[in-house]
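Only one structure is covered here, and it is reproduced in the block below.
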Amino acid sequence: MMDWNTYRDQLAKGFGKVATLSPGTVEAVVAAGEAGAKTGHLDAKTRELIALAVAATTRCDGCITVHSAEAVKAGATREEIAEALGVAVAMNAGAALVYSARVLDAVDALKK
């Protein structure tokens, strides 16, 4: 198993190195992450639950470690996180079904 706390610390150092070389890139990512919070339509916990669901579907370990910590900090319970992940699993399976139909369509187009 991964040591998520150590990994989160390593990522922070790595982000710092990227920021030194390309500060605008890191600033843009931070700004994008903060933009949604400015509307105030969703609370921090809900945003973090969404982030974890997206992190699972995009298979981003860095996102998982950062947003797991933020979700717990925002008050998300293990049960709420599991429910959000259940939505991610359902959506990912649904997306696979949609793209399965697209694959078959592409195969069928070859026969024309």
Side-chain angles (χ1 to χ4, degrees):
M1 280 293 185
M2 181 180 295
D3 180 344
W4 293 99
N5 295 320
T6 300
Y7 182 55
R8 190 170 38 260
D9 293 341
Q10 291 170 340
L11 280 177
K13 291 175 186 171
F15 295 161
K17 291 177 184 177
V18 174
T20 299
L21 297 169
S22 184
T25 300
V26 175
E27 290 167 5
V29 170
V30 170
E34 294 173 348
K38 291 182 180 180
T39 64
H41 299 300
L42 299 175
D43 63 11
K45 181 171 80 170
T46 302
R47 285 192 307 276
E48 292 304 330
L49 290 170
I50 293 168
L52 286 174
V54 172
T57 60
T58 59
R59 300 173 187 97
C60 178
D61 284 340
C63 302
I64 290 169
T65 191
V66 168
H67 292 286
S68 290
E70 290 300 313
V72 170
K73 181 177 161 185
T77 65
R78 185 175 176 82
E79 293 78 14
E80 289 169 326
I81 292 168
E83 186 172 333
L85 294 173
V87 173
V89 169
M91 291 303 297
N92 208 15
L97 181 58
V98 168
Y99 274 82
S100 294
R102 291 173 63 86
V103 168
L104 293 175
D105 189 42
V107 170
D108 291 344
L110 296 172
K111 296 177 184 177
K112 293 180 181 177

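For reference, positions follow the sequence shown, starting with 1.
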If you look only at pairs with a residue in residues 21-44, which of them pass as a salt bridge (Lys or Arg N to Asp or Glu O under 4.0 Å), with sequence neighbours excluded?
-> none
By side chain to side chain contact (heavy atoms under 4.5 Å, CB included) - contacts of V29 (at least two apart) | none
Residue pairs involving residues 3-20 (criterion salt bridge (Lys or Arg N to Asp or Glu O under 4.0 Å); sequence neighbours excluded) | none
Which atom pair, heavy atoms only, marks the closest approach of L52 to A71?
-> CD1-CB, 3.7 Å
Side chain to side chain donor-acceptor pair (under 3.5 Å) involving S22 - partner list, sequence neighbours excluded | T25
Report, one line per pair, each donor and acceptor closer than 3.5 Å where one atom sits in a side chain of residues 86-101; sequence neighbours left out.
| from | atom 1 | to | atom 2 | distance (Å) |
| --- | --- | --- | --- | --- |
| S100 | OG | A96 | O | 2.7 |

What residues form a side chain to side chain donor-acceptor pair (under 3.5 Å) with S68, not counting sequence neighbours?
-> none
Return the set of residues passing side chain to side chain donor-acceptor pair (under 3.5 Å) with T39 (not counting sequence neighbours), or none when no residue passes.
-> none
Can you name the residues that form a side chain to side chain donor-acceptor pair (under 3.5 Å) with E80, not counting sequence neighbours?
-> K45, T77
When Ile, Leu, Val, Met, Phe, Trp and Tyr are grouped by side-chain heavy atoms lying under 4.5 Å apart, directly or through other members, which residues fall in the same group as I50?
-> L42, V54
ILVMFWY cluster membership beyond V30 - transitive side-chain contacts under 4.5 angstrom = V18, V26
Which distance, rounded to the nearest 0.5 Å, do you find between the CG of N5 and the CD of Q10?
-> 11.0 Å
Locate the shortest heavy-atom distance separating A55 from C63; write the atom from each residue and the value.
-> CB-CB, 3.6 Å
Are the side chain of T65 and the backbone N or O of D61 linked by a donor-acceptor pair below 3.5 Å?
-> no
Minimum heavy-atom distance between R47 and G36, given as atom pair plus value = CD-C, 4.4 Å
Note: with side-chain heavy atoms under 4.5 Å as the link, the other cluster members for I64 come out as M2, W4, Y7, L11, F15
